[in-house]
A.B. asks: 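Pasting a structure here, questions to come.
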Amino acid sequence: MPTTTDFERMLREVALRVTRPRVAVLSAVHEYPHADTDSIIGVVREDLSGVSHQAVYDVLRALTASGLLRRIEPPGSVARYEARVGDNHHHVVCRSCGFIADVDCAVGAAPCLTASDDHGFVIDEAEVIYWGLCPDCSTALKS
């Protein structure tokens, strides 16, 4: 897990000013990958009780635009955030409880999958979502 100093360095490397809310949000997303905004707000408020919803939304937007975070939004789900960026990995989502886990790229480097027809596009990323039941939900279903 990166330290506060690591988060400060990350922010400076993308020319963002170091602020307590930015460091707190980066820390929360690193600690809880695939967390939704409300969960991130809850974690951030454990350290910064006075931070507003809007401040966290603004920080998430800035960190995503800078490439420090990635926003994912599987169909039927609220937006989620993760700190694993730049590697074109995919996700597996539980249809029952909504749990999300990372799945490494299917083949090679980005875009790791070849479209059957690229329609003239220069493709640089492929996004795949695998759907199913997580181990806990599949066990509960069998019970």
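Owing to the predicted nature of the structure, the values given are computational and were not obtained by experimental measurement. Basis for what follows: all heavy atoms, side chains included, without hydrogens, waters or symmetry-related copies.
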A.B. asks: Check whether Val25 and Val85 end up in the same hydrophobic cluster, where Ile, Leu, Val, Met, Phe, Trp and Tyr are linked by side-chain heavy atoms less than 4.5 Å apart.
C.D. replies: no
A.B. asks: Sequence neighbours left out, what pairs pass salt bridge (charged side-chain N to carboxylate O under 4.0 Å, His left out) with at least one residue falling in residues 28-40?
C.D. replies: none
A.B. asks: Using the test side-chain contact (heavy atoms from CB on, under 4.5 Å), find all partners of Thr3 that sit at least two apart in sequence or belong to another chain.
C.D. replies: Thr5, Asp6
A.B. asks: What about Leu60 and Val43, same hydrophobic cluster or not, with Ile/Leu/Val/Met/Phe/Trp/Tyr joined at side-chain heavy-atom distances under 4.5 Å?
C.D. replies: no
A.B. asks: side-chain contact (heavy atoms from CB on, under 4.5 Å) with Asp136: which residues, sequence neighbours excluded?
C.D. replies: Cys134
A.B. asks: Among pairs that include at least one residue of residues 13-29, which meet side-chain hydrogen bond (donor to acceptor under 3.5 Å, both in side chains), considering only residues two or more places apart or in two chains?
C.D. replies: Arg9-Glu13
A.B. asks: Looking only at heavy atoms, which two atoms of Leu48 and Ala24 are closest? And how far apart?
C.D. replies: CD1-CB, 3.8 Å
A.B. asks: If the condition is side-chain hydrogen bond (donor to acceptor under 3.5 Å, both in side chains), which residues does Ser52 pass it with, not counting sequence neighbours?
C.D. replies: none
A.B. asks: Can you name the nearest heavy-atom pair linking Val29 to Ala83, along with the distance?
C.D. replies: CG1-N, 3.6 Å
A.B. asks: Should Gln54 and Val56 count as side-chain neighbours, where that means a heavy-atom distance under 4.5 Å?
C.D. replies: no
A.B. asks: Sorted by first residue and then second, give each side-chain hydrogen bond (donor to acceptor under 3.5 Å, both in side chains) pair with at least one member in residues 59-69; sequence neighbours left out.
C.D. replies: Asp58-Arg61
A.B. asks: Scan residues 4-26 for pairs that pass ring pair (Phe, Tyr, Trp, His ring centres under 6.0 Å), counting only residues two or more places apart or in two chains.
C.D. replies: Phe7-His30
A.B. asks: Return all side-chain donor-acceptor pairs below 3.5 angstrom for residues 67-75, not counting sequence neighbours, or 'none' if the list is empty.
C.D. replies:
residue	atom	partner	partner atom	Å
Arg70	NH1	Glu82	OE2	3.4
Arg70	NH1	His89	O	3.3
Arg71	NH1	Tyr81	OH	3.3
Arg71	NH2	Glu73	OE1	2.8

A.B. asks: Hey, what do you get for CG (Asp102) to CZ (Arg84), rounding to the nearest 0.5 Å?
C.D. replies: 4.5 Å
A.B. asks: Side chains of Val51 and Ile41: closer than 4.5 Å at any heavy-atom pair?
C.D. replies: no
A.B. asks: Can you list every ring pair (Phe, Tyr, Trp, His ring centres under 6.0 Å) pair that touches residues 32-78, not counting sequence neighbours?
C.D. replies: His34-His91
A.B. asks: Salt bridge (charged side-chain N to carboxylate O under 4.0 Å, His left out): which pairs involve residues 89-101, sequence neighbours left out?
C.D. replies: none
A.B. asks: For the hydrophobic clusters of this structure (ILVMFWY residues joined by side-chain heavy atoms under 4.5 Å, transitively), does one cluster hold both Ile100 and Val78?
C.D. replies: no
A.B. asks: Between Val92 and Ile129, is there a shared hydrophobic cluster once you connect ILVMFWY residues whose side-chain heavy atoms come closer than 4.5 Å?
C.D. replies: no
A.B. asks: Which ILVMFWY residues are connected to Val122, directly or by a chain of links, through side-chain heavy atoms under 4.5 Å apart?
C.D. replies: none
A.B. asks: Minimum heavy-atom separation for Leu133 and Cys94, please, with both atom names.
C.D. replies: CA-SG, 3.8 Å
A.B. asks: Trp131 and Val103: same hydrophobic cluster, using ILVMFWY side-chain contacts below 4.5 Å?
C.D. replies: no
